[in-house]
Amino acid sequence: MVRHFVRRAGLGSCALLAGLMLVTGAMAHEGHDHGASTPPQVTTLAPRAEAASADFELVAVLREGTLAIHLDRFADNAPVDGATIEMDTPEGAQTARPMAPGTYVVAAPFAAKPGAHDLAFTVTAGGTVDVLATTLTVPAAPAPAAPRAAPDALALLGGLPLGLLAGVVIGFLAAIVLMSLRRRSAALVLAAGLGLASAALPPSAQATDAPTPSARDAAQRLPDGSVIVPKPSQRILGVRTIVTASASHARAVELPGRVVPDANASGLVQTAVGGRLAPPPGGFKPLGTRVAAGDILAFVHPPIGASDLKDLEQQGFELDQQIAIVKRRYERLSAIQNAVTRREVEETEIELKGLQTRRATLERVQREPEALRAPVAGVIATSDAVAGQMADPNTVVFRIIDPDRLWVEALGFSPDVGRSGASGRLADGRSVTLAFLGAGMSDRGQALPLQFAVTAGFEGLRPGQFLTVLAEAGAPRTGIAIPRTAVVRGANGQAIVYEHVAAERFVARDVRTEPLDAGRVLVVAGLPPDRRVVTEGAELIDQIR
């Protein structure tokens, strides 16, 4: 009897411990960890070393015993192609071979040994020779992790009173059940409880050895807000930079503008009289065709009614009769020149020629159409010509524009705005250079019309296109001029630029900007001079998380 009671008490104790382990694992499993949260994992980069000078920036990346050398210009971050790189190592000098534009590779057997390795690179590119020194640190291989023992249930519950209480209750109930069941049933319940307790253990207690993640170069944002962009990623994103400098710039104002054709290099082709349109030899010219001044673009056949046609035929018959009579008289007088005066012969000859001219003009009116000619050289901008179409007098059939001679008309509030310089910014970000022509005297919506000539950037411009005119006006300002593409907007709407603080590290700077011209803004606060600022690829860097 005593032995039976001891056996049941032992089984009850085991069930109590299993309950404790079960509740402990349930409270510590993933998603219910009440301790300190695990910090987010940071992507590991391959071993690398970087060096920079006033001319070059170099990043050496070690991977599988080979050193990949990325060489860029320091000022604009452009890859340096066609350079010669000699690397001095503890084992001697080696020459890197080109692999891609701005990328060179060299074997690095010395990097198989962990530790710090001093390297010196001699770079020769375009007549510039520079020596860049750096240190490559190779970390030691991680030791294999030893199997971890299952944590002690009581130790895990030391700081969890609720878990301890729940474990005691579950174990006590299991002990009562076991003491009231047969031996085989008790064994099954005990095995099931231990299995559940083992399954409920946290993964960290069950794992024996976790594989080490392989190093990969991936762009990432660090907890301090800076962004790490490896050199290969910078090549893909097309990251370019400039070195900032403070200077004095003229103040600029933004004006709404519209592209208009040059009045001296554009013209209209209109019909002088109404009639039916007909194509010239070769047909009507399509839009965009370049024509020269005087080229025939179409014909207009004036309409002639039946009554008018009969009147013209009657006039033709009368002229033919008069021509025949005068011609016979002229022939008789010419035959007897000695019997008549010379005056009579000449008068008869002149009368005959006049009648013949009138008859020819009458024929031309009936048969020859009006030719529509290009008034200026340029391209056909608009065309409303259709064969057989009846055109009224003064109908505009063609419009000719010289695409290399365009104006911009803007609205301003001072006739002197833009006299010292101006530029235009299109909706797609392109810019054009403008030269001031003149200002109007009559108001248009409480504003003065200002005219500018486009001196550069004609590609893609068309009459009627809207743009923003940035005209110089007022006293100059001191600041840092940077391209508009360098400025991005943060989540709160604040203007941000990215400073290239290291070869693969970028830091966001809050700045205050003012418009300068079509392609640049003026940074008046938030950015000191002599800093490298990203001008291309800033929006892509800003999206890295």
Side-chain angles (χ1 to χ4, degrees), residues 262-287 289-402:
D262 187 342
N264 301 315
S266 62
L268 303 177
V269 180
Q270 296 177 282
T271 58
V273 295
R276 191 180 303 277
L277 293 178
F284 294 118
K285 293 180 172 57
L287 293 175
T289 303
R290 184 170 289 275
V291 297
D295 289 352
I296 298 178
L297 304 180
F299 291 104
V300 179
H301 294 272
I304 301 177
S307 59
D308 295 336
L309 184 59
K310 290 185 177 298
D311 292 341
L312 291 175
E313 291 179 354
Q314 184 65 31
Q315 292 179 13
F317 292 150
E318 293 177 356
L319 288 174
D320 291 340
Q321 185 178 8
Q322 293 178 10
I323 289 174
I325 295 173
V326 174
K327 185 176 182 181
R328 294 290 300 273
R329 185 170 70 244
Y330 174 72
E331 291 176 352
R332 289 196 302 268
L333 292 177
S334 299
I336 56 173
Q337 292 184 1
N338 296 331
V340 296
T341 61
R342 184 175 180 81
R343 176 182 176 183
E344 293 179 353
V345 177
E346 292 179 352
E347 289 179 352
T348 304
E349 183 181 4
I350 293 173
E351 184 180 359
L352 177 61
K353 291 182 178 179
L355 290 173
Q356 291 175 345
T357 301
R358 289 175 58 189
R359 187 67 179 89
T361 302
L362 184 62
E363 289 288 340
R364 194 162 51 249
V365 170
Q366 294 181 6
R367 298 178 181 179
E368 290 189 4
E370 176 191 4
L372 301 182
R373 299 178 181 272
V376 295
V379 299
I380 299 178
T382 61
S383 175
D384 294 329
V386 179
Q389 176 185 356
M390 292 299 297
D392 296 330
N394 301 326
T395 300
V396 178
V397 183
F398 298 96
R399 185 172 187 176
I400 311 299
I401 293 176
D402 189 350

Quick check: does any side chain N or O of [X] sit under 3.5 Å from a backbone N or O of [Y], one acting as donor and the other as acceptor?
X: T395; Y: A391; answer: no
X: T271; Y: D392; answer: yes
X: R276; Y: G388; answer: yes

Find the distance between [atom1] ([X]) and [atom2] ([Y]) and round it off to the nearest 0.5 Å.
X: E349; Y: S334; atom1: CD; atom2: OG; value: 7.5 Å
X: I323; Y: R328; atom1: CD1; atom2: CZ; value: 15.0 Å
X: L319; Y: R358; atom1: CG; atom2: CZ; value: 5.0 Å
X: L352; Y: E331; atom1: CG; atom2: CD; value: 9.0 Å
X: L268; Y: I400; atom1: CG; atom2: CD1; value: 9.0 Å
X: F284; Y: T289; atom1: CZ; atom2: OG1; value: 13.0 Å

What pair of heavy atoms forms the shortest contact from [X] to [Y], and how long is it?
X: F299; Y: P280; answer: CE1-CA, 3.7 Å
X: A374; Y: A292; answer: CB-O, 3.6 Å
X: R373; Y: I296; answer: NH1-CG1, 3.3 Å
X: L287; Y: A381; answer: CD2-O, 3.5 Å
X: D384; Y: Q389; answer: O-OE1, 3.0 Å
X: N394; Y: Q270; answer: O-NE2, 3.0 Å

Set of residues satisfying salt bridge (Lys or Arg N to Asp or Glu O under 4.0 Å) with respect to R343, sequence neighbours excluded: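 E347.
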Stepwise, does the side-chain contact (heavy atoms from CB on, under 4.5 Å) test hold for V291 with L297? CA-CA 9 Å; V291 297; L297 304 180; 4.1 Å; yes
Side chain to side chain, [X] and [Y], heavy atoms closer than 4.5 Å:
X: R399; Y: I401; value: yes
X: P375; Y: V269; value: yes
X: V397; Y: L372; value: yes

Assess whether side-chain contact (heavy atoms from CB on, under 4.5 Å) is satisfied between V300 and L277, documenting all intermediate values. CA-CA 5 Å; V300 179; L277 293 178; 3.6 Å; yes
Applying side-chain hydrogen bond (donor to acceptor under 3.5 Å, both in side chains), can you list everything that pairs with E346, at least two apart in sequence or on another chain? R342
With a sphere of 6.0 Å drawn around CD of Q321, does it hold more than 12 non-hydrogen atoms of other residues, nucleotides or ligands? no
Give the intermediate values and the outcome of side-chain contact (heavy atoms from CB on, under 4.5 Å) for residues E351 and R329. CA-CA 11 Å; E351 184 180 359; R329 185 170 70 244; 2.9 Å; yes
